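All values reported here derive from a predicted model rather than from experimental measurement. Heavy-atom basis, side chains included; hydrogens, waters and symmetry copies ignored.
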Amino acid sequence: MDLAGEVGLRLLLCPVSSNIVVRTACCSVGIVFPVYSTFKAIEERDQDEQQRWLIYWAAYGSFSVAEVFADKILFWFPAYYYMKFAFLVWLQCPSGNGARQLYRNGLRPFLLKHRRRLDQIVGLIYGELNKFVSSHQEEFLFARRVVMRIFASANGILSDSAHPPEGQNIAAIEGPGNQNQESESGHED
């Protein structure tokens with residue numbers, strides 16, 4: 001094992017910081033890496049990889065829904081996040097083909113069995129969301145304008161602080177102590 005792998009494994013298994021590290025690892029392995037891999041599959045128009053990551057997201061989403069309901073119980077198991085990390089790796093690992101197995105053996109049969117009822121529920125939800133968005137269109141537009149103004153102001157402030165306009169008095173940034181020294185040295189000449 002190389003040094004980086006050994007350090008990573010020791011950090012992951014370290015009891016002092018393990019909860020923070022393993023939860024971060026779960027997020028990285030479960031979301032960050034798959035997002036980038038999905039992006040690559042889409043951009044490279046690789047149908048096999050697109051299907052692989054689409055199945056992964058279906059499996060991951062199903063797991064996330066189950067986790068929301070079981071979180072209050074699972075949280076108490078000391079090794080829960082380690083098991084979650086291992087599960088997420090198994091879902092993605094091409095040799096284990098975990099996401100495909102979970103999809104074929106659990107998710108697909110369940111969804112096929114309940115498809116008609118789920119279609120009704122999804123249709124109802126989309127209909128209600130459409131009504132809500134339509135009836136609150138002005139509020140959404142107002143909120144969008146406010147957010148855009150905030151971002152524009154923040155961007156202006158950040159770009160001004162990163163690149164001050166030429167001729168701006170830099171001494172104002174340095175503080176009053178430096179200004180006095182400059183003015184005193186200017187009087188002595």
| task | State, yes or no, whether a side-chain contact exists between Leu107 and Tyr103 at a heavy-atom distance under 4.5 Å. | result | yes
| said: Just so I know, are the side chains of Arg100 and Asn97 near enough to count as touching, which here means a heavy-atom distance under 4.5 Å? | reply: yes
| Same apolar cluster (I L V M F W Y, side chains within < 4.5 Å links), Leu112/Val122 | no
| task | Grab the two heavy atoms, one from Ala41 and one from Gln50, that are nearest each other, plus how far apart they are. | result | O-NE2, 3.1 Å
| field | Reported OG-to-CZ distance for the pair Ser134 and Phe140, which is rounded to 0.5 angstrom | value | 9.5 Å
| Ser135 side chain vs Phe132 backbone, donor-acceptor pair below 3.5 Å | yes
| Within a strict 4.5 Å, meaning less than it, do heavy atoms of the Arg108 and Leu111 side chains meet? | no
| message | Working to the nearest 0.5 angstrom, can you tell me the gap between His114 NE2 and Ile121 CD1? | response | 10.0 Å
| Close side-chain approach of Val35 to Trp57, heavy-atom, < 4.5 Å | yes
| Reported CG-to-CD1 distance for the pair Leu91 and Ile55, which is rounded to 0.5 angstrom | 11.5 Å
| task | Check whether Phe85 and Phe77 end up in the same hydrophobic cluster, where Ile, Leu, Val, Met, Phe, Trp and Tyr are linked by side-chain heavy atoms less than 4.5 Å apart. | result | yes
| message | Check this for me: does any side-chain nitrogen of one of Lys40 and Glu43 sit under 4.0 Å from a carboxylate oxygen of the other? | response | no
| query | If every non-hydrogen atom of Ala59 is compared with every non-hydrogen atom of Leu102, which pair is closest and at what distance? | reply | CB-CD2, 3.7 Å
| request: Compare all side-chain heavy atoms of Trp53 with those of Ile42 and state whether any distance is below 4.5 angstrom. | output: no
| task | Could you tell me the separation between the CD1 atom of Ile31 and the CG atom of Leu88, rounded to the nearest 0.5 Å? | result | 8.5 Å
| said: Surrounding CD1 of Ile73 (heavy atoms of other residues, nucleotides or ligands, distance under 6.0 Å), is the total greater than 12? | reply: no
| query | Under a 4.5 Å side-chain heavy-atom rule over Ile, Leu, Val, Met, Phe, Trp and Tyr, are Phe33 and Trp90 clustered together? | reply | yes
| query | Regarding Glu67 and Tyr80, is there a side-chain donor-to-acceptor distance under 3.5 Å anywhere? | reply | yes
| Are Phe63 and Phe110 co-members of a hydrophobic cluster defined by side-chain heavy atoms under 4.5 Å apart? | no
| Parallel, tilted or perpendicular for Phe39 and Tyr36, by the 30°/60° rule? | tilted
| query | For Gln92, does its backbone N or O pair with a side-chain atom of Arg52 as donor and acceptor, under 3.5 Å? | reply | yes
| field | Euclidean distance, Lys84 NZ relative to Leu74 CG, rounded to 0.5 Å | value | 9.5 Å
| task | Would you check if the side chain of Tyr56 reaches a backbone N or O of Gly30 as a donor-acceptor pair within less than 3.5 Å? | result | yes
| query | How long is the gap from CD on Glu49 to CD on Gln47, to the nearest 0.5 Å? | reply | 11.5 Å
